[in-house]
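As structure tokens, the structure follows; a few thoughts come after it.
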Amino acid sequence: MKTAGNVLWVILGGFLSALLWLLAGILCCITIVGIPLGKQCFKFAKLSFLPFGKEVVFGGGAVSTVANILWLLFLGIPMAIADAVMGLLFCITIIGIPFGLQHFKLAKLALMPFGAKVRKSK
């Protein structure tokens, strides 16, 4: 089921979501200070491209909290809003609910990417 979900995801907008994460990563990597932010963006671009069958575990410490605050100020809020809007649009139909839930997962991740780890679902 996850393979079919991932194929449909890419066709129905997942590619655009992954492209936004890649663009954010490239913008962050322009400066030396932004490279850690960019590395996180690239990791989550991969998740955003194929989200079915994966889950995000949130954690971290003080350094992650500071990085998340910086992230929110520069890129987090617009990316979270974009994913939340897409999630709402997909949840209008019953068939789109699984895709909407994936967008909500990515919206939460866009708010707190540091300290988060991606792992395969059980």
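The analysis underlying the following values was restricted to heavy atoms, covering all of them including side chains, and did not include hydrogens, waters or symmetry mates.
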Considering non-hydrogen atoms only, spot the tightest contact between [X] and [Y] and give its length.
| X | Y | value |
| --- | --- | --- |
| Gly38 | Cys29 | CA-SG, 3.7 Å |
| Cys28 | Cys41 | SG-SG, 4.5 Å |
| Phe58 | Met112 | CE2-O, 3.5 Å |
| Glu55 | Lys120 | OE2-O, 4.1 Å |
| Ser17 | His103 | CB-CE1, 4.5 Å |
| Ile94 | Pro98 | O-CD, 4.1 Å |

### Message
If I take atom CG from residue Leu8 and atom OG1 from residue Thr3, how far apart are they, to the nearest 0.5 angstrom?
### Response
11.0 Å
### Parallel, tilted or perpendicular: rings of Phe52 and Trp9 (30°, 60°)
perpendicular
### Message
Can you tell me if Lys54 has over 12 outside heavy atoms packed within less than 6.0 Å of its NZ?
### Response
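Correct, the count exceeds 12.
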#### Entry: Exceeds 12 heavy-atom contacts within 6.0 angstrom, atom CG of Leu73
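Count over threshold, so yes.
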### Message
Test of understanding: with ring pair (Phe, Tyr, Trp, His ring centres under 6.0 Å), list the residues that count as partners of Phe104, not counting sequence neighbours.
### Response
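Result, ring pair (Phe, Tyr, Trp, His ring centres under 6.0 Å) vs Phe104: none returned.
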### Task
List the steps, then state whether side chain to side chain contact (heavy atoms under 4.5 Å, CB included) holds for Phe42 with Leu22.
CA-CA 6 Å; Phe42 296 139; Leu22 281 173; 3.7 Å; yes
### Message
Which residues pass the side chain to side chain contact (heavy atoms under 4.5 Å, CB included) test with Phe114, not counting sequence neighbours?
### Response
Leu37, Gln40, Ser64, Ala67, Asn68, Trp71
### Summary
Between Leu106 and the options Val56, Leu101, Leu20, Asp83, the side chain to side chain contact (heavy atoms under 4.5 Å, CB included) test singles out Asp83
Same apolar cluster (I L V M F W Y, side chains within < 4.5 Å links), [X]/[Y]:
| X | Y | result |
| --- | --- | --- |
| Val85 | Phe99 | yes |
| Phe15 | Leu50 | yes |
| Ile92 | Leu88 | no |

Side-chain atoms of residues 74-81: list all donor-acceptor pairs with protein atoms under 3.5 Å, sequence neighbours left out, distances to 0.1 Å.
none

